[in-house]
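The structure appears right after this line, and notes come after that.
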Amino acid sequence: MVSVLKRAIAIAFILIIGYWIASALSHVPFGADKMLVGNYYLQHVENQTGAINAVTAIVVNYRGFDTLGEVTVLFIASTGVAALLWERKRKRTARTEGTIVLTTGTRLLFPFILLFGSYIFIHGHLTPGGGFPGGATIATGFLLMYLAFTTYRIPHRGFEVSEGLAGMGYVIVGLIGLAVGGYFLFDWIWQTWKIGTVGNLVSGGFIPVIYTLIAIKVGTELSGIVDNMLREGSS
Amino acid sequence: MIHPYPSASGWVADFIIAVMIGVAIFAVEWRDLLGAVVGMAAVSLFASILFYFLQAPDVAMTEAAIGAALSGAVFIFALKRTVRYETEEEEKPGWWLRW
C-alpha cells in the first residue's frame, strides 16, 4: 500500500517535471537562434583570440579557468583510481596472447593513432578538435598496445613526470598572463606579442600551447588509468 | 525552422536513435554484464555518429574515444576483477516497473 502511494507520487512528480521541461523547450527552436553572448563570441573570436575554431577559443581562452578546473577534476579521478588500486608489487596477469591479426594490426596502427591524436590537438585552433579529443585518441592507442601485447607496459615513471609538468605548465602560462596583462590566464602571446597571422598554424595565441599541455595531461592520465586497471597484485 | 540533422536524411538519424534506445534497454537488462558493457559502448558509438550528423566532429571524436573505447575497456577490466554474471536473486519486476 505504501509502495503504491510512493509510486503514484513519483509518477506525478515525473509528469510535472516533464511537463515543465517540455513547455520550456517547446519555445526554443533547435539550432536556429543564437544567444547574445554566442553572437558576441562569433563576431569577435578572430580579432580577440586569433583562432578560427570558435569552440576551442571559448574553451581555452574565454573560459580558460573552467578548463583548468576540468583538468583538475580529471587529475583527481585518475589519482583516485591509482589510490584505490595501489599495491606494492603488481604485474600484468594476462593469460592469452593476442592473435596475429591483433598484434600485426596494432604494430601498424599505433604510430598512426599517435600521429592522428597529435594532429587533433596541434591544429585545435584551426580545425575541430583540441586537447581533450587528442589526448583521448592517444590514450586509445596505448589501450590497443595493452590489449595486443601481454607484457607491454607504459613507461609509467616518465608518464607521471610529464603529467605533472603539463599540469604545472598550464598554471605557469596563466601566471605569466597574470604578470603581463593583470589577470590570470591573460592571453599574453596573442594580445601582447601578436604572434602569427589568423588562419596559419602559428596563431591563436596560447591556445595551441595550452592544448598541447592538456593533451599530454589527458593522454598520460587515461593511459595511467588503463595501466592501473590491468595490473593486479601478486597476492 | 532548420532541420535538426542538416547533413543526413531524416530516417537515418531516426533509425540510429531507435537502435540506441533498444541497445540501452539491453544494456540495463542483460544479466551477462559483459554484454551489458558492449551495449553501453554501442550507445556511445551511435551517439558519436549522431554528433557527426549534427556537425560536431570534435565531440564525435571524443565520444568515440572515451565513451566507446576507454570507458568500455575500464568496465571490462573491472569485470575481469569481479564476476561476469549478475546473481539470480528473487524475481524482480521488469524494467517498466523497476525502481
Side-chain angles (χ1 to χ4, degrees), chain A residues 3 6-7 10-11 28-34 53-56 59 74 77-78 81 84-85 92-95 113 116-117 119-121 123-124 127-144 146-147 211 218-219 221-223 225-233, chain B residues 1-8 10 13-14 17 21 33-34 37-38 40-42 44-45 47-84 90-99:
Chain A
S3 80
K6 218 171 83 179
R7 199 167 285 188
I11 288 173
V28 182
F30 189 88
D33 191 23
K34 292 183 189 68
N53 186 357
V55 176
T56 52
V59 168
L74 196 62
S78 94
V81 170
L84 275 176
L85 298 175
R92 297 196 52 194
T93 56
R95 280 185 288 280
I113 292 175
F116 181 57
Y119 171 83
I120 290 173
F121 71 75
H123 292 248
T127 54
F132 291 100
T137 309
I138 288 172
T140 55
F142 284 108
L143 171 68
L144 199 58
Y146 269 94
L147 294 182
Y211 253 166
V218 170
E221 268 165 3
L222 294 179
S223 315
I225 288 177
V226 170
D227 180 61
N228 270 312
M229 296 291 287
L230 269 179
R231 278 183 304 141
E232 294 180 44
Chain B
M1 178 175 170
I2 297 173
H3 195 270
Y5 301 98
S7 63
D14 292 345
I17 290 171
I21 292 172
L33 294 176
L34 192 62
V37 171
V38 172
M40 190 202 72
S44 285
L45 202 60
S48 103
I49 297 172
L50 282 187
F51 280 129
Y52 182 72
F53 283 168
L54 288 166
Q55 301 182 348
D58 46 346
V59 189
M61 281 187 288
T62 316
E63 182 74 38
I66 291 181
L70 281 169
S71 73
V74 165
F75 269 105
I76 289 173
F77 299 153
L79 282 185
K80 193 186 158 203
R81 286 164 164 257
T82 54
V83 291
R84 179 171 166 179
E90 75 280 6
E91 198 58 34
K92 285 179 185 169
W95 55 268
W96 55 91
L97 276 179
R98 192 181 292 168
W99 293 98

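When reading the values below, keep in mind they use all heavy atoms of this one structure, side chains included, and skip hydrogens, waters and symmetry mates. Each chain gets a letter, A, B and so on, in the order the sequences are listed, and its residues count up from 1.
- One distance of note links CZ of Phe77(B) with CG of Asn228(A); it measures 11.5 Å at 0.5 Å rounding.
- In terms of heavy-atom proximity, Ala65(B) sits nearest to Thr140(A) at O-CG2, 3.7 Å.
- Nearest heavy-atom pair, Ala78(B) versus Met229(A), reported as atom, atom and distance to 0.1 Å: N-CE, 3.8 Å.
- Interface residue Ile225(A): only side-chain heavy atoms are found under 4.5 Å from chain B.
- For the pair Asp58(B) and Pro128(A), the tightest heavy-atom approach, listed with the atom from each and the gap, is CB-C, 3.9 Å.
- Among Gly130(A), Pro133(A), Gly135(A), Gly124(A), the residue with the largest count of heavy-atom pairs under 4.5 Å with chain B is Pro133(A).
- Contact between Leu70(B) and Ala139(A) at its shortest, heavy atoms only, is CD1-CB, 4.0 Å.
- Heavy atoms of Ile113(A) lying under 4.5 Å from chain B are absent altogether.
- Using a 4.5 Å cut-off between heavy atoms, Ala69(B) touches chain A through backbone and side chain atoms alike.
- Looking at Val55(A), only its side chain comes within 4.5 Å of chain B, counting heavy atoms on both sides.
- Looking at Phe142(A), there are no atoms closer than 4.5 Å to chain B (heavy atoms on both sides), in backbone or side chain.
- Smallest separation of non-hydrogen atoms from Arg81(B) and Arg231(A): NH2-O, 2.6 Å.
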